[in-house]
Amino acid sequence: METMNQNILDILNFRHACKGFDPEKTVSKEDFETILEAARLSPTSFGFEPWNMIVVQDKELKEKLFPLAWGAQNSLKGGSHFVILLARKSGDLVYNAEYITHMMKEVHHFPDETAEFVRKAFKNFQENDFNLMENDRALFDWASKQTYIVLANMLTAAAFLGVDSCPIEGFDQAKVNELLVKEGLMDPEHFGVSVMAGFGYRAEAPRHEKSRQSISELVKWK
């Protein structure tokens with residue numbers, strides 16, 4: 001196998017859901033900024049980037065999160081950086097929302113004709129292709145899917161830099177939402193918590209080799 005191909009596989013094998021971080025080791029500013037840039041450059045459906053992120057380093061906030069996020073406790077205790085990915089809510093994501101107009105005009109700089117074409121395509125996608133208009137939860141769940149693309153790129157970028165990570169769904173979503181609103185970190189009209197992750201350096205090597213189904217079990221060719 002070519003060296004680059006093997007390097008990619010070695011890095012992906014290095015990455016694991018780190019169960020214990022070394023509290024004495026800190027991810028450098030440069031490395032974490034690269035991880036954040038990997039998030040920013042991630043693809044999202046229609047390029048509408050329906051996400052935000054909170055980087056939690058405040059000790060008191062970590063202590064408040066600790067009982068609400070059982071899956072995050074190892075990351076909160078020993079991780080260097082802890083992130084909470086937020087997904088936008090339906091009011092920002094319907095095809096004619098102000099946020100969608102902002103993305104097309106101010107971020108992508110679409111000409112009027114292009115913006116109108118994209119808006120019509122997005123409307124059809126929401127109403128027909130993916131049936132996202134049936135309730136508010138459907139649009140929020142669609143936005144949350146985009147945060148997982150962002151998360152995956154962050155985890156992979158971290159592994160390339162030799163930084164360990166742990167993706168986290170083990171938390172009380174309603175209570176974490178409530179806490180972040182109370183702390184002034186999230187506007188509940190626009191966002192809800194989607195997923196979390198810890199970053200840092202492993203305290204010990206993984207106890208087990210990575211286990212996955214075979215390619216033949218997962219992939220069909222025709």
Side-chain angles (χ1 to χ4, degrees), residues 7-9 11-18 27 31-56 69 71-72 75 79 81-95 97 99-100 102-104 106-108 110 118-119 121-126 129-133 136-171 173 176-177 180 185-186 190-200 210 212-213 215 218-219:
N7 285 346
I8 291 171
L9 296 181
I11 287 162
L12 292 175
N13 275 298
F14 165 84
R15 191 218 62 76
H16 74 295
C18 186
V27 178
D31 282 355
F32 198 71
E33 285 179 350
T34 299
I35 293 168
L36 290 179
E37 189 66 2
R40 190 182 74 88
L41 295 173
S42 297
T44 54
S45 185
F46 284 81
F48 286 151
E49 304 174 48
W51 64 275
N52 264 198
M53 184 190 302
I54 300 169
V55 182
V56 180
S75 296
H81 290 70
F82 187 79
V83 303
I84 302 175
L85 278 157
L86 310 178
R88 284 194 177 269
K89 292 189 173 180
S90 60
D92 287 340
L93 298 177
V94 292
Y95 62 90
Y99 174 76
I100 298 301
H102 161 73
M103 288 299 299
M104 292 195 294
E106 306 300 326
V107 178
H108 297 306
F110 289 156
V118 172
R119 196 186 302 276
F122 192 43
K123 180 177 185 289
N124 183 67
F125 169 79
Q126 290 187 327
D129 295 340
F130 267 51
N131 194 27
L132 298 177
M133 303 296 283
D136 290 344
R137 182 60 190 246
L139 272 172
F140 178 76
D141 286 346
W142 172 81
S144 291
K145 290 178 182 179
Q146 315 310 309
T147 71
Y148 280 72
I149 300 172
V150 174
L151 175 64
N153 278 354
M154 294 180 74
L155 303 181
T156 302
F160 266 86
L161 296 169
V163 175
D164 289 297
S165 60
C166 184
I168 297 154
E169 287 185 319
F171 57 90
Q173 191 176 46
V176 174
N177 280 331
L180 296 180
L185 293 170
M186 187 182 77
H190 296 280
F191 291 100
V193 175
S194 175
V195 68
M196 303 172 174
F199 295 87
K210 194 182 290 281
R212 296 290 189 274
Q213 296 180 74
I215 286 291
L218 295 170
V219 180

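Heavy atoms only: backbone and side chains are in, while hydrogens, waters and symmetry mates are out. Because the structure is a prediction, the values reported are computed rather than measured.
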Flag the pair [X] / [Y] as yes when at least one side-chain heavy-atom distance between them is below 4.5 Å, and no otherwise.
X    : Y    : value
M196 : V176 : yes
T44  : I149 : no
F199 : L155 : yes
N177 : Q173 : yes
P50  : W142 : yes
M186 : V193 : yes
I35  : V83  : no

If you round to the nearest 0.5 Å, how far is [atom2] of [Y] from [atom1] of [X]?
X    : Y    : atom1 : atom2 : answer
E33  : E37  : CD    : CD    : 9.0 Å
Q146 : L93  : CD    : CG    : 9.5 Å
M53  : M154 : CE    : CE    : 3.5 Å
K123 : I100 : NZ    : CD1   : 14.5 Å
H16  : K210 : NE2   : NZ    : 8.0 Å
R88  : S144 : CZ    : OG    : 13.0 Å

Parallel, tilted or perpendicular, as decided by the 30° and 60° cut-offs, for the rings of Y99 and H102: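 Correct class here is tilted.
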Given D141, L139, V94, the one that forms side-chain contact (heavy atoms from CB on, under 4.5 Å) with L132: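 Among D141, L139, V94, the one that satisfies the side-chain contact (heavy atoms from CB on, under 4.5 Å) with L132 is L139.
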Qualifying residue, where the test is side-chain contact (heavy atoms from CB on, under 4.5 Å) with F82 and the options are I168, I54, V55: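 Result: among I168, I54, V55, I168 is the only option passing the side-chain contact (heavy atoms from CB on, under 4.5 Å) with F82.
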Please report the shortest heavy-atom distance between [X] and [Y], naming the atom on each side.
X    : Y    : value
H108 : F46  : NE2-O, 4.4 Å
F171 : S194 : CZ-O, 3.6 Å
F140 : A87  : CE1-O, 3.4 Å
G200 : V163 : O-CG1, 3.4 Å
G91  : A97  : O-CB, 3.4 Å
L151 : A197 : CD1-CB, 3.6 Å

Donor-acceptor pair, side chain of S42 and main chain of A38, under 3.5 angstrom: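 Yes, S42 side chain to A38 backbone: donor-acceptor pair under 3.5 Å.
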Whether over 12 other heavy atoms sit under 6.0 Å from L41 CG: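 Above 12, so yes.
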Among F110, F48, Y95, ring-ring contact (aromatic ring centres under 6.0 Å, His included) partner for F122: F48
